[in-house]
Amino acid sequence: MKSITARNFRILCDFMDVYQFMTDIYERNWQNGVPAPFFEYALSSDWMDKSYTHRYRIWEDNGKIVAFCFTENPVNHIYFSIRPGYEFLAEEMVAYSENHMPRINGKHTYVLFDGQETSQNAVFNAGYTKS
């Protein structure tokens with residue numbers, strides 16, 4: 001039985017757990033999200049605006065990370081990482097990002113990859129178009 005909880009990312013406490021999660025779910029075609037070094041590089045770069053990291057969101061199933069929503073540069077570029085079997089969280093992730101993630105000129109940009117069909121559908125259902 002799945003017991004999903006969600007909470008905000010804490011950069012000093014959660015980085016290594018999120019990194020391990022991203023390593024665990026990595027696929028060569030990025031169907032589960034970007035590889036862990038992508039996130040590590042963004043957080044360690046001086047060009048990255050880290051003032052919004054408290055808005056990143058972690059979903060857990062009995063304490064195990066199953067999904068993660070975060071931004072990169074620019075801050076309105078939103079990424080989803082989802083453990084296989086938890087794709088059903090995509091719509092909740094879109095709803096969360098719509099209400100809590102930063103915008104530029106009132107807009108979000110979702111950065112999703114070819115294998116992330118469930119996430120793409122959730123974003124399309126929220127009224128976004130592919131560009």
Side-chain angles (χ1 to χ4, degrees):
M1 182 174 152
K2 293 182 171 140
S3 176
I4 309 296
T5 58
R7 63 179 178 81
N8 288 54
F9 176 75
R10 301 162 302 176
I11 192 168
L12 296 177
C13 300
D14 295 322
F15 172 76
M16 287 307 300
D17 291 336
V18 168
Y19 188 92
Q20 187 61 54
F21 157 70
M22 292 174 118
T23 300
D24 292 346
I25 67 167
Y26 174 73
E27 293 290 337
R28 293 178 81 188
N29 64 358
W30 296 16
Q31 72 186 25
N32 303 325
V34 298
F38 178 96
F39 182 60
E40 177 184 26
Y41 178 71
L43 284 182
S44 64
S45 297
D46 59 357
W47 48 260
M48 176 71 175
D49 183 348
K50 296 168 199 66
S51 65
Y52 293 99
T53 60
H54 66 283
R55 295 186 187 189
Y56 300 179
R57 192 81 163 166
I58 295 171
W59 283 260
E60 297 173 311
D61 184 358
N62 291 312
K64 180 180 180 179
I65 297 175
V66 295
F68 182 52
C69 175
F70 66 100
T71 67
E72 206 244 0
N73 189 44
V75 296
N76 71 325
H77 283 197
I78 300 167
Y79 294 79
F80 291 168
S81 294
I82 303 175
R83 186 178 298 279
Y86 291 87
E87 293 85 356
F88 63 89
L89 291 172
E91 288 187 15
E92 184 176 333
M93 294 171 79
V94 172
Y96 173 81
S97 61
E98 278 287 292
N99 292 314
H100 301 286
M101 296 302 258
R103 297 173 182 270
I104 293 179
N105 297 324
K107 296 181 180 178
H108 286 134
T109 298
Y110 290 92
V111 183
L112 302 169
F113 305 95
D114 287 339
Q116 294 183 291
E117 288 91 5
T118 305
S119 296
Q120 289 176 9
N121 289 337
V123 168
F124 295 147
N125 289 342
Y128 288 85
T129 58
K130 189 173 185 175
S131 63

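From a predicted model like this one, the values you see are computed outputs, not experimental measurements.
The cluster map of Ile, Leu, Val, Met, Phe, Trp and Tyr, joined by side-chain heavy atoms under 4.5 Å apart, puts Ile78 and Ile104 in different clusters. One hydrophobic cluster, built from ILVMFWY side chains closer than 4.5 Å, cannot hold both Val75 and Trp47; they sit in different ones. Grouping the Ile, Leu, Val, Met, Phe, Trp and Tyr side chains by contacts below 4.5 angstrom, directly or via other members, places Val18 with Val111.
Here the straight-line distance linking atom OH of Tyr79 with atom OG1 of Thr109 works out to 9.5 Å at 0.5 Å rounding. Rounding to the nearest 0.5 Å places CD of Glu87 at 6.5 Å from CD1 of Ile82. Distance check, rounded to the nearest 0.5 Å: SG of Cys69 to CE of Met101 gives 4.0 Å.
Between Arg57 and His100, every side-chain heavy-atom pair lies at or beyond the 4.5 Å cut-off. Within the 4.5 Å cutoff, no side-chain heavy atoms of Tyr41 are placed close to those of Met48. With a 4.5 Å cut-off on side-chain heavy atoms, Thr71 and Tyr56 count as touching. The side-chain heavy atoms of Val94 and Glu91, taken from C-beta on, include no pair separated by under 4.5 Å. The shortest side-chain heavy-atom distance between Arg103 and Glu98 falls under the 4.5 Å cut-off.
Within 6.0 Å of the CG atom in Asp114, the count of heavy atoms belonging to other residues, nucleotides or ligands does not exceed 12. The local environment of NZ in Lys64 is sparse, with at most 12 non-hydrogen atoms from other residues, nucleotides or ligands closer than 6.0 Å.
Electrostatic pairing of Asp14 and Arg7 counts as a salt bridge here, judged by a charged N lying under 4.0 Å from a carboxylate O.
Centroid-to-centroid, the aromatic rings of Phe70 and Phe9 stay 6.0 Å apart or farther. A distance of 6.0 Å or more separates the ring centres of Phe21 and Phe68.
Ring planes of His54 and Tyr52: parallel class, angle under 30° (limits at 30 and 60°). A perpendicular orientation is assigned to the rings of Phe38 and Trp30, their planes being inclined by more than 60° (bins at 30° and 60°).
Side chain of Lys50 to main chain of Ser45: a donor-acceptor pair is present (N/O by atom type, distance under 3.5 Å, no hydrogens or angles). For Arg83 (side chain) and Ile25 (main-chain N/O), no donor-acceptor pair under 3.5 Å exists by modelled atom type.
Between Ile4 and Leu89 the shortest heavy-atom distance is CG2-CD2, 4.0 Å. Here the closest non-hydrogen pair linking Gly115 and Gln31 is CA-CB, 3.7 Å. Nearest heavy-atom pair across Met93 and Ala67 is SD-CB, 3.8 Å. Across all non-hydrogen atoms, the minimal contact from Leu112 to Gln116 is CA-OE1, 3.3 Å. Shortest non-hydrogen contact noted between Ser81 and Met22 is OG-CE, 3.5 Å. Across Asp61 and Ser3, no two heavy atoms sit closer than the pair OD1-N, 3.0 Å.
Phe124 pairs by the side chain to side chain contact (heavy atoms under 4.5 Å, CB included) definition with Gln120, Asn121, Lys130, not counting sequence neighbours. In terms of the salt bridge (Lys or Arg N to Asp or Glu O under 4.0 Å) criterion, Asp17 has no residue partners (sequence neighbours excluded). Remark: Ser51 engages Asp49 in a side chain to side chain donor-acceptor pair (under 3.5 Å) (not counting sequence neighbours).
Exactly one residue among Tyr110, Phe113, Tyr96 makes a ring-ring contact (aromatic ring centres under 6.0 Å, His included) with Phe80. That residue is Tyr110.
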